[in-house]
Amino acid sequence: MKKIVLGLGLAATCAVTAVAALGARERAPELRLNQIQVLGTHNSYAQGIDPHLLAMADAAIGPQMATFASRMTGDAKAAWEEYHPNPGSLSDGLNYRFPALPAQLDAGMRSLEIDINNDPDGGRYNHPAGYAALHDKGIPDSEVLPRDATDMDKPGLKVFHVADFDVRSSCNLFRTCLRQLRGWSDAHPGHAPIFILVEAKSDPLPIFKGATAPLAFDARAFDEMDRTIFDVIGRDHLVTPDQVRGRYPTLEAGVRAQHWPTLRASRGKFVFLLLTALDPKALAAYHAGHPNLEGRAAFLRATPGQSYAAFLLMDNATLRAREIPERVAQGYLVRARADIETYEARVNDPTRANQALRSGAQIVSTDFYQPGNAYGTPYVVRLPGGGEARCNPVNAPATCSLGH
């Protein structure tokens, strides 16, 4: 009888332990949006620049850029070297191209970058001065990479890299690009969240005679951007600043409290991240009247300490190797680049890519996610373990799982 009682007691103890362990698992916090890492592409719409234009641009501004960089000092020099750390010509830095946006999503990319240009009346960028320069030089159209001008005459935000020069895009209207994204999402329900970087372009690069002056981004242009995102992607398919701020006094307070939605709740959705190139006025135009990005569609590139700080751009993972993991652990979203201006592919050096992936930056962007590049090297960047996302190596819990 004593043995039976002991056996029953042991069985009861085991049962209680099992129930407690199950309860602990059920009570474990769910994985959150900022606790994953994805791979993406940079200037994802780019179709490549005509080689004749690249040669003309190198001859026209290559020496000027070298002189400009050599004369920099202090903070300006440090900032320049952070974002342009490698040697190479303008044509080297722009020697990449991508298939259509849905094809990149099919390949597992979960971050894309789209540059937008202000064109409220339509037609402003219809006749690139670079193509006129090729014509004046006597280069026949049959020897020039064709440019699709679909919708360029229509009002609305246009998608390309540099006016008059780097203008070949897989989708010319921002609205068209977003329709492609929403269509792909609808066809793949439950996908990992997709991070869309949007860069508002307004920097002139007058390489050619008759160059088009880009329009600055003001509140009206950014309202159009938000309206287009809400209209095409839909509010129910977005993770917005308001959701992350919740009841916290500032967006940054919500971020540092790890108030990001769960991965489960973020599946099938998009996160828009806005940056501007060299125009601080454009940054101000987006958050003016929206100190915590209230009602806005996108998170804005920020510096820790700003009330709207949630998204940090730290492209140079080599220089920021110590800071990126610290910021990720604090709750911020970080984008880093695996390669910058094609240098790593040229010399087949994966060091920066490995640093970016180890850093915990939630978004790691590359120009080379598929084998085969213009330099004939085997350089290619892949997400460790494959798949569309992985547990973040810095801030994901040890029990992390990306299962549905």
Side-chain angles (χ1 to χ4, degrees), residues 25 28-42 82-83 85 108-111 113 192-197 239 241 243-245 248 251-267 269 271 273 275 299-306 308-340 344 350-366 369 381-403:
R25 285 199 297 272
E30 280 196 75
L31 193 68
R32 295 198 170 268
L33 172 66
N34 65 319
Q35 293 178 312
I36 64 171
Q37 186 178 67
V38 302
L39 192 65
T41 53
H42 157 252
E82 176 170 357
Y83 289 95
M109 297 300 97
R110 290 298 175 265
S111 177
E113 185 171 339
I194 299 172
F195 299 86
I196 304 297
L197 282 88
V239 175
Q243 294 171 24
V244 176
R245 180 170 62 93
Y248 288 90
L251 176 55
E252 185 179 47
V255 165
R256 293 186 68 111
Q258 311 290 335
H259 193 243
W260 292 94
T262 64
L263 176 61
R264 185 195 304 269
S266 304
R267 286 192 174 277
K269 295 184 179 181
V271 185
L273 308 168
L275 55 122
F299 297 87
L300 180 61
R301 174 188 179 179
T303 300
Q306 294 174 312
Y308 58 85
F311 163 52
L312 311 179
L313 192 72
M314 294 184 172
D315 282 351
N316 194 329
T318 303
L319 186 65
R320 302 287 181 177
R322 295 183 62 180
E323 185 178 1
I324 292 175
E326 293 173 356
R327 297 305 186 187
V328 168
Q330 290 167 352
Y332 299 99
L333 282 183
V334 178
R335 195 288 284 269
R337 288 178 67 174
D339 34 78
I340 298 178
E344 287 73 18
T351 302
R352 189 184 303 279
N354 292 334
Q355 288 172 326
L357 291 164
R358 284 197 306 268
S359 74
Q362 290 90 347
I363 304 157
V364 177
S365 298
T366 180
Y369 71 95
V381 180
R382 293 189 174 94
L383 192 68
E388 60 176 355
R390 72 165 179 161
C391 296
N392 193 291
V394 169
N395 67 348
T399 56
C400 174
S401 172
L402 296 187

Using only atom types and a distance under 3.5 Å, with no angle test, would you say the side chain of [X] pairs donor to acceptor with the backbone of [Y]?
X      : Y      : answer
Thr318 : Arg352 : no
Gln258 : Gln330 : yes
Glu30  : Leu263 : no

Considering non-hydrogen atoms only, spot the tightest contact between [X] and [Y] and give its length.
X      : Y      : value
Leu312 : Ala302 : CD2-O, 3.3 Å
Val255 : Ala309 : CG2-O, 3.8 Å
Pro325 : Val394 : O-CG1, 3.7 Å
Val328 : Ser359 : CG2-O, 4.4 Å
Ile340 : Asn316 : CD1-CA, 4.4 Å
Cys391 : Leu402 : N-CD1, 3.8 Å

What's the separation between atom [atom1] in [X] and atom [atom2] in [Y], rounded to the nearest 0.5 Å?
X      : Y      : atom1 : atom2 : value
Asn395 : Arg32  : CG    : CZ    : 12.0 Å
Ile363 : Glu113 : CD1   : CD    : 10.0 Å
Thr41  : Leu197 : OG1   : CG    : 9.5 Å
Tyr308 : Thr303 : OH    : OG1   : 7.0 Å
Arg256 : Tyr332 : CZ    : OH    : 4.0 Å
Phe299 : Phe195 : CZ    : CZ    : 9.5 Å

*asked:* Does Gln362 form a side chain to side chain donor-acceptor pair (under 3.5 Å) with Asn392? I'd like the steps, not just the answer.
replied: CA-CA 7 Å; Gln362 290 90 347; Asn392 193 291; 5.0 Å; no

*asked:* Among residues at least two apart in sequence or on other chains, which ones pass side chain to side chain contact (heavy atoms under 4.5 Å, CB included) with Ala356?
replied: Ala317, Ala336, Val364

*Before accepting this row, confirm whether a basic side-chain N of the pair Glu323/Arg327 lies closer than 4.0 Å to the acidic partner's carboxylate O.*
yes

*Do Glu388 and Arg267 sit within salt-bridge range, that is, some charged N less than 4.0 Å from a carboxylate O?*
yes

*From CA spacing to verdict: side chain to side chain contact (heavy atoms under 4.5 Å, CB included), Met109, Leu39*: CA-CA 6 Å; Met109 297 300 97; Leu39 192 65; 3.8 Å; yes

_Working for side chain to side chain donor-acceptor pair (under 3.5 Å), residues Arg335 and Ser365_ = CA-CA 7 Å; Arg335 195 288 284 269; Ser365 298; 3.0 Å; yes

Taking C-beta and beyond as the side chain, do [X] and [Y] meet within less than 4.5 Å on heavy atoms?
X      : Y      : answer
Phe311 : Leu251 : no
Leu33  : Pro193 : yes
Leu383 : Gln37  : yes

